[in-house]
Visitor: 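The structure follows.
Computed from a prediction, not measured in an experiment: that's the story for all the values here.
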Amino acid sequence: MATPTQPKRRARIVAGSAKAARDSAIYLDERLPFGRWLRPQLRKLFPSHWSFLLGELALYSFVLLVLTGTFLTLFYKPNPDVAYTSVVEISLEVRGGLLMRQLHHWSATVFVLAIVAHMCRVFFTGAFRKPRELTWMLGVLLFGLALFESFLGVSLTGDQLAMTGLRQGQGLLLSVPLVGTYLSAFVFDGAFPGQVIPRLFVTHVLLVPGILLAVVPLHGLVLTWRQKHTERRATAADERKVTGGPFFPYFAVKNGATALFTIGFIALLATLVKVNPVWEHGAYRQEAHPPSAQPFWYAGVLDGAQRIVPGWEIPVGGYVLQVGLWIPPLVLLAFFGVLLFYPFIERRYTGDGDHHHLLDRPSQAPVRTALGVAVITFFTTLWAGMWVSAAPPAMHSAPGLPPPPPAPAALLTVPQDTYELVIAGLRVAVFVLPVLAFLITRAVCRRRSA
């Protein structure tokens, strides 16, 4: 008769661990019914088309932003006197600091670009319609917060380029009648630059990220999970049909691959492409020229608009109203207001109050598509205004003093006469091109949908 052999120690450990895990799951499920909630969630269907992953690109860029920003916060000194020095030390002396800075910067760039691409996909396919108006409005809020957060981050470096942008912002605040001086004092705590760096740091590290950490899960997880996803007309015939793959394992694996691709692509950019070399710009000096006439692309539309709009001034009751300075930010504010409430505006003019789960092809909504193309053309024209600059005038020193250093050349520097001609052409184009884009796009869409 054979004597039964005892299982080996490794097999006993595996069996015991499996039994402990099973017993723990049963214990928790009896008290907190996770299984009853989790089972249908794991089987929830998600779309398979690649365009639905644009939101995930923004999400994983945001995760990398938080991680790298936490690292940089450990070494950054938010003091106006040493902010620039600490950024240089992070870049050149802290081990891995330059890579972290570049990862953080490129993550912000991909984050904003992914949001723009995602919003364009949602807008042109009509995915913002009832019952997804709140999701759209949260997306617009995220877009505005991302742009504002990016501007704050670029300004924290304290170099010549960053402080020049802040100086322009102070000029805009001072131009506000009656309260401009108080607004500037509140933001800068006195004369420029004052204590603006610590205040920007708190806003950039605590306030805006706190709002983002609350809004991102609500927009990307809670509302999306509670609602049926939209369907492409190529794969569904009616509003009630749901197609796609289950969250687990289909969409979970797809999301994991998207996360790895996003992080790998950003890491490749951070490794091979230099961005924002503050040590080349130098510390801020009030008498020095800005290192370049081109700002970061986040502020490109606003900067280009400031160049295109004439410098109109209207004297009223002892005050000089700087209308030319106010028009660009007011236009941008109006754009975000219309964008925020666009689902309700479209419903008001179309009278369509039904629930929609099927996406439109762009050609099926000629007016909406033409309007979107016209807006993109309008902002592209404004953005083009920042790429050309007039050659700076020759600088002369007083007798007996050394000549001043020449101002650094911008990306595209042209003579003053050519610059004025280009600006005049852009002033015409900013009104003509969007109208042409609207008419041509609407005609093409109507022909394709006929």
Visitor: In Å and rounded to the nearest 0.5 Å, what is the CZ to SG distance from Arg361 to Cys445?
Guide: 12.5 Å

Visitor: What verdict does the ring-ring contact (aromatic ring centres under 6.0 Å, His included) test give for Phe378 and Phe335, after you've listed the backbone C-alpha separation in whole Å, the side-chain angles of each residue and the deciding distance to 0.1 Å?
Guide: CA-CA 11 Å; Phe378 173 75; Phe335 165 73; 8.7 Å; no

Visitor: Between Phe123 and Trp136, what is the ring plane arrangement, given parallel below 30°, perpendicular above 60°, and tilted in between?
Guide: tilted

Visitor: Is there a side-chain contact between Glu89 and Phe75 (heavy atoms, below 4.5 Å)?
Guide: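 With C-beta onward as the side chain, the pair stays apart.
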
Visitor: Whether the side chain of Trp326 engages the backbone of Leu172 through a donor-acceptor N/O pair (distance < 3.5 Å, no angle test) should be reported.
Guide: no

Visitor: Can you tell me how far the CG atom of Leu54 sits from the OG1 atom of Thr258, to the nearest 0.5 Å?
Guide: 10.0 Å

Visitor: Under the side chain to side chain contact (heavy atoms under 4.5 Å, CB included) rule, collect the residues that match up with Leu340, sequence neighbours excluded.
Guide: Met137, Val140

Visitor: Which residues satisfy the side chain to side chain contact (heavy atoms under 4.5 Å, CB included) test with Arg167, sequence neighbours excluded?
Guide: Gln170, Phe192, Tyr284, Gln286

Visitor: Could you walk me through whether Asp354 and Lys130 pass the side chain to side chain contact (heavy atoms under 4.5 Å, CB included) check?
Guide: CA-CA 7 Å; Asp354 298 334; Lys130 188 178 180 180; over 6 Å; no

Visitor: Specify the closest pair of heavy atoms between Ala370 and Thr441, including all atoms of both residues, with the distance to one decimal.
Guide: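 Shortest heavy-atom separation between Ala370 and Thr441 comes out as CA-CG2, 3.7 Å.
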
Visitor: Going from CG on Leu57 to NE2 on His118, what distance comes out if it is rounded to the nearest 0.5 angstrom?
Guide: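 So the gap between those two atoms works out to 10.5 Å.
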
Visitor: Could you tell me the separation between the CG atom of Leu426 and the CD1 atom of Ile308, rounded to the nearest 0.5 Å?
Guide: 4.5 Å

Visitor: Would you say Leu65 and His104 make side-chain contact, with heavy atoms under 4.5 Å?
Guide: yes

Visitor: Under the side chain to side chain contact (heavy atoms under 4.5 Å, CB included) test against Val88, which residue among Asp159, Thr157, Val278 passes?
Guide: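 Passing option: Val278.
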
Visitor: Before you tell me yes or no, could you show the steps for Val94 and Phe71 under side chain to side chain contact (heavy atoms under 4.5 Å, CB included), namely the whole-Å CA-CA distance, both residues' side-chain angles and the distance that decides it to 0.1 Å?
Guide: CA-CA 11 Å; Val94 175; Phe71 175 89; 4.2 Å; yes

Visitor: What verdict does the side chain to side chain contact (heavy atoms under 4.5 Å, CB included) test give for Arg132 and His357, after you've listed the backbone C-alpha separation in whole Å, the side-chain angles of each residue and the deciding distance to 0.1 Å?
Guide: CA-CA 9 Å; Arg132 297 174 179 82; His357 301 297; 2.9 Å; yes

Visitor: Is the side chain of Ser86 donor-acceptor paired with the backbone N or O of Ala83 at a distance under 3.5 Å, no angle test?
Guide: yes

Visitor: Taking only residues two or more places apart in sequence, or in another chain, which ones meet Thr181 in a side-chain hydrogen bond (donor to acceptor under 3.5 Å, both in side chains)?
Guide: none

Visitor: Without swapping roles, check the side chain of Thr230 against the backbone of Leu359 for a donor-acceptor pair under 3.5 Å.
Guide: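 Not confirmed, Thr230 side chain does not pair with Leu359 backbone.
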
Visitor: Got Pro328 and Arg307 here, is their nearest side-chain heavy-atom distance under 4.5 Å?
Guide: no

Visitor: Can you name the side chain to side chain contact (heavy atoms under 4.5 Å, CB included) partners of Thr73, sequence neighbours left out?
Guide: Phe201, Val205

Visitor: Considering residues, nucleotides and ligands other than Tyr182, do more than 12 of their heavy atoms fall under 6.0 Å from its OH?
Guide: no

Visitor: On a heavy-atom basis, which atom in Phe438 and which in Ala374 lie closest, and how many Å separate them?
Guide: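 Distance-wise, the nearest heavy atoms are CB-CB, 4.0 Å.
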
Visitor: Which value, rounded to the nearest 0.5 Å, describes the distance between Leu330 atom CG and Leu325 atom CG?
Guide: 11.0 Å

Visitor: Any side-chain to backbone donor/acceptor pair from Glu56 onto Ala259? Under 3.5 Å, distance only.
Guide: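 Side chain of Glu56 to backbone of Ala259: no pair is present.
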
Visitor: What are the two closest non-hydrogen atoms of Asp352 and Arg129, and how far apart are they?
Guide: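 What the structure gives for the nearest pair is OD2-NH1, 4.3 Å.
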
Visitor: With a 4.5 Å cut-off on side-chain heavy atoms, are Trp106 and Thr109 touching?
Guide: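 Counting from C-beta outward, Thr109 and Trp106 do come under 4.5 Å.
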
Visitor: Please report the shortest heavy-atom distance between Pro329 and Leu302, naming the atom on each side.
Guide: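 Heavy atoms only, the tightest pair is N-CD1, 3.9 Å.
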
Visitor: Is there a donor-acceptor pair closer than 3.5 Å between any side-chain N or O of His204 and the backbone N or O of Glu149?
Guide: yes

Visitor: Check Ser155 against Phe151 and note the closest heavy-atom contact, atom names and distance.
Guide: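 Minimum heavy-atom separation between Ser155 and Phe151: OG-O, 2.8 Å.
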
Visitor: Indicate yes or no: at least one non-hydrogen side-chain atom of Phe186 is less than 4.5 angstrom from one of Leu173.
Guide: no

Visitor: Between Leu166 and Met163, does a side chain to side chain contact (heavy atoms under 4.5 Å, CB included) hold up when you go through it step by step?
Guide: CA-CA 5 Å; Leu166 286 176; Met163 301 306 286; 3.8 Å; yes

Visitor: Would Glu346 and Tyr342 count as having a side-chain donor-acceptor pair, cut-off 3.5 Å?
Guide: yes

Visitor: How many angstroms lie between atom CG of Leu212 and atom NE2 of His219, to the nearest 0.5 angstrom?
Guide: 12.0 Å

Visitor: Show the nearest heavy-atom pair for residues Ser107 and Leu64, with the distance to one decimal.
Guide: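 Closest heavy-atom pair between Ser107 and Leu64: OG-CD2, 3.2 Å.
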
Visitor: Looking at side-chain heavy atoms only, is the closest gap between Ile266 and Tyr60 below 4.5 Å?
Guide: no

Visitor: Measuring only between side-chain heavy atoms, which start at C-beta, is Arg101 closer than 4.5 Å to Asn276?
Guide: yes

Visitor: With ring centroids as reference points, do Phe336 and Phe143 lie under 6.0 angstrom apart?
Guide: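 Between Phe336 and Phe143, the centre distance is under 6.0 Å.
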
Visitor: Looking at side-chain heavy atoms only, is the closest gap between Ile197 and Asn79 below 4.5 Å?
Guide: no

Visitor: Restricting to side chain to side chain contact (heavy atoms under 4.5 Å, CB included), what partner residues turn up for Ala437, sequence neighbours left out?
Guide: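 If we apply the side chain to side chain contact (heavy atoms under 4.5 Å, CB included) test to Ala437, skipping adjacent residues, the hits are Val373, Thr377.
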
Visitor: Is there any salt bridge (charged side-chain N to carboxylate O under 4.0 Å, His left out) pair reaching into residues 106-121, and which pairs are they, with sequence neighbours excluded?
Guide: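 The answer is none; no pair qualifies.
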
